[in-house]
Amino acid sequence: MTDAIKARLYVTDALSAGGSVTLAEDQTHYLRHVLRLAPGDAVALFNGRDGEFRAVIAEASKKTCRLDIEAGLRPFQAAPDVWLCFAPIRQGRIEMIVEKATELGAGRLLPVITRRTQMQKVNTGRLAAHAREAAEQCERLDVPEVAAPVTLEKLLQDWPQDRRLFVCAERSDTQSLLSVAAGTGPCALLIGPEGGFASEELTQIMALPQAVTVSLGPRILRAETAAIAALAILQSARQN
Ligand code: SAM
């Protein structure tokens with residue numbers, strides 16, 4: 001037995017010093033058979049609301065594992081109030097968007113079906129699992145929600161009044177995202193599909209008072225590059 005924390009896990013149970021958590025089969029398998037941890041080994045637990053806690057494997061069987069929570073490691077701190085709205089792209093690349101957006105602190109990931117979106121079906125459960133793994137790895141204290149896909153019309157119709165929408169549009173000689181990204185209020189990025197937004201869609205989007213068109217530079221970026229670059233710019237401008 002050593003004191004070092006050997007893994008970090010997201011759980012849904014309440015966390016407090018002196019409590020305990022029982023893991024389901026998949027997380028038990030990960031600890032026992034992938035990481036080869038045993039009773040006495042320490043792990044970090046977080047649940048998106050109570051902070052991060054050190055826990056020790058107390059009992060482990062083939063299918064389940066009990067962890068005793070010892071002490072708080074970090075108090076909860078919410079992720080920046082930044083949403084990433086993106087047109088789904090093909091398998092492999094969409095997971096990259098979810099993973100990198102989680103690392104870059106996005107609070108909510110919203111797949112948006114636009115006219116030129118090629119991938120109309122989105123496996124939100126699989127993407128949510130990617131978000132959870134990325135959050136475990138990058139030491140976030142929460143996991144971003146992966147919302148069910150919505151059409152662009154529905155997204156705009158329900159858009160919250162107090163949330164700025166940075167619409168990433170290539171080929172526009174518009175202001176840079178960096179020049180308008182500062183501030184701490186709720187905001188979102190909108191990234192189009194591989195074929196870009198249709199001009200009628202851009203007209204619809206820009207009718208929203210909260211929408212601002214922004215450029216990510218002179219080159220045309222792939223959708224996943226655009227999402228990552230835009231989040232990195234926001235993180236840097238908002239210093240979170
Ligand atoms: N087919 C489009 C074209 O050739 O003009 C390119 C679409 S691009 C692959 C996918 C999305 O990434 C765009 O809809 C936009 O949201 C974003 N994007 C790519 N490059 C960008 C840039 N330089 N500035 C702002 N947004 C960009």
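Values below: every heavy atom of this structure, side chains too, minus hydrogens, waters and symmetry copies. First listed ligand is number 1; within each ligand, the first listed atom is number 1.
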How does [X] reach ligand 1, if at all, at less than 4.0 Å between non-hydrogen atoms: by side chain, backbone, both, or neither?
| X | result |
| --- | --- |
| Ala226 | side chain |
| Ala87 | neither |
| Arg219 | backbone |

List every atom of ligand 1 that sits less than 4.0 Å from any heavy atom of [X], numbering the atoms from 1 in the order shown and giving each element.
| X | value |
| --- | --- |
| Glu194 | 1 (N), 2 (C), 6 (C), 7 (C), 9 (C) |
| Val214 | 25 (C) |
| Ile220 | 6 (C), 20 (N) |
| Ile191 | 12 (O), 16 (O) |

Nitrogen or oxygen atoms of Pro218 and ligand 1 under 3.5 Å apart: no
Mind checking whether Leu109 and Leu155 sit in one hydrophobic cluster, side chains of I, L, V, M, F, W, Y counted as touching below 4.5 Å? no
Distance alone, cut at 3.5 Å: any donor-acceptor contact between the side chains of Thr117 and Thr114? yes
Cation-pi check for Phe46 against Arg140: NZ or CZ below 6.0 Å from the six-membered ring centre and within 45 degrees of the axis, yes or no? no
Looking at Arg115 and Glu200, does any basic side-chain N land under 4.0 Å from a carboxylate oxygen? yes
Start with the C-alpha gap between Glu70 and Arg54, add the side-chain angles, then the distance that decides, and say whether salt bridge (Lys or Arg N to Asp or Glu O under 4.0 Å) holds. CA-CA 6 Å; Glu70 291 189 339; Arg54 177 191 164 86; 2.8 Å; yes
Is a side-chain N or O of Arg49 found less than 3.5 angstrom from the main chain of Thr12, in a donor-acceptor match? yes
Determine whether any heavy atom of Pro193 lies closer than 4.0 Å to an atom of ligand 1. yes
